[in-house]
Amino acid sequence: MQHILEVENLAKRFGAAEVLNNISFSLMQGEVVSIIGSSGSGKTTLLRCLNFLEQPDAGRILVNGETLFDADDPATKLERNLRHKRLHFGLVFQSFHLFPQYTAKRNITLAMELHAKERPNYRAKKKEILAEIDARAEALLSEVGLSDKSALYPYQLSGGQQQRVAIARALALNPEILCFDEPTSALDPELSAEVLSTIRRLADIGRTMILVTHEMSFARQVSSRVLFMADGRIHEQGTPEEIFGSPKSPRLQSFLANA
């Protein structure tokens with residue numbers, strides 16, 4: 001079976017600081033890979049590189065066998081191609097990043113409408129296309145348990161509800177890979193449980209996901225594989241049983257003991 005994602009020798013520096021060093025891993029369709037590690041280990045930068053919000057200094061990123069980025073190939077760095085490349089990924093941030101001036105549903109439909117306008121038949125079928133977009137937004141809100149909140153604005157929603165809207169928005173353009181950057185870090189335990197329940201349902205239906213998280217018990221339950229990062233490197237990777245049950249490196253043992 002072909003890998004849906006292949007990351008090869010990814011590196012990233014900010015000035016003199018080496019944030020990612022020789023990062024390599026792969027992801028199969030339907031897998032959930034959790035990335036754990038202390039703050040400053042490079043987890044968020046890795047997600048930002050995968051979503052083309054940062055440009056790596058070295059390495060390659062392939063999706064379904066297609067090279068989306070190669071640090072040695074200038075053609076893969078062209079700005080005009082970035083939006084298309086980002087469609088392969090959906091990213092859910094720590095702090096929601098919803099548009100405060102739009103309702104929950106409008107936060108979801110906006111990207112779909114912008115994307116639809118690029119279709120050659122948009123003008124001729126605008127009414128039909130917008131009806132399809134509206135129906136998809138309603139379906140996504142239902143999927144995250146917010147059917148009755150579509151007309152509310154972010155300030156009228158709890159933090160957990162806002163994050164679930166953000167998840168629905170990330171799903172709107174049908175990304176092959178859904179990425180989460182510590183999606184519960186800004187939430188209290190009760191609201192965290194709402195969001196984790198939504199992520200678990202997505203895992204149960206076979207969504208391919210990369211999850212940066214500090215929720216160790218959740219990572220152990222939901223993951224196909226776990227990567228442990230420290231100092232910009234992957235120090236250890238394996239099944240949840242291997243990582244949490246029999247960690248090999250002293251760095252991972254120390255991290256889990258203090259998590």
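Computed from a predicted structure; not experimentally measured. For this chain, numbers begin at 1 and follow the sequence in order.
Within the 4.5 Å cutoff, the side chain of Leu178 has no heavy atoms near those of the Phe89 side chain. A 4.5 Å side-chain heavy-atom check between Gln94 and Thr44 finds at least one atom pair inside the cut-off. Asn64 places a side-chain heavy atom less than 4.5 Å from the side chain of Ile4. With contacts defined as side-chain heavy-atom distances shorter than 4.5 Å, the pair Val226/Val33 does not qualify. Contact check for Ile210 versus Leu47: side-chain heavy atoms found under the 4.5 Å cut-off.
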Return all side-chain donor-acceptor pairs below 3.5 angstrom for residues 119-134, not counting sequence neighbours, or 'none' if the list is empty.
{"residue": "Asp134", "atom": "OD1", "partner": "Lys105", "partner atom": "NZ", "Å": "2.9"}

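Residues meeting the side chain to side chain donor-acceptor pair (under 3.5 Å) test with Thr109, sequence neighbours left out: Arg106. Checked against side chain to side chain donor-acceptor pair (under 3.5 Å), Glu143 has no partners two or more places apart in sequence or in another chain. Not a single side chain to side chain donor-acceptor pair (under 3.5 Å) links Asp70 to another residue, sequence neighbours left out. By the ring-ring contact (aromatic ring centres under 6.0 Å, His included) test, His84 pairs with His88, sequence neighbours left out. Here Thr76 pairs with nothing under the side chain to side chain donor-acceptor pair (under 3.5 Å) rule; sequence neighbours left out. Take Glu54 and apply the salt bridge (charged side-chain N to carboxylate O under 4.0 Å, His left out) test, not counting sequence neighbours, and it matches Arg48. Take His214 and apply the ring-ring contact (aromatic ring centres under 6.0 Å, His included) test, not counting sequence neighbours, and it matches no residue.
Sequence neighbours left out, not one pair with a member in residues 171-193 passes ring pair (Phe, Tyr, Trp, His ring centres under 6.0 Å). Listed by first then second residue, pairs satisfying ring pair (Phe, Tyr, Trp, His ring centres under 6.0 Å) with a partner in residues 234-259 read Phe228-Phe255, not counting sequence neighbours.
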Practice item. Check the pair Glu8, Ser24 against side chain to side chain donor-acceptor pair (under 3.5 Å), reporting the backbone distance first and the verdict last. Key: CA-CA 5 Å; Glu8 300 177 353; Ser24 296; over 6 Å; no
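Asp73 has no carboxylate O lying under 4.0 Å from a charged side-chain N of Arg60, or vice versa, which leaves the two without a salt bridge.
Other residues sharing the hydrophobic cluster of Tyr153, ordered by chain and number and joined by side-chain separations under 4.5 Å: Tyr155. Taking a 4.5 Å side-chain heavy-atom cut-off between Ile, Leu, Val, Met, Phe, Trp and Tyr, the cluster of Phe99 extends to Tyr102, Leu110, Leu114.
The number of heavy atoms from other shown groups lying within 6.0 Å of CZ (Arg83) does not exceed 12.
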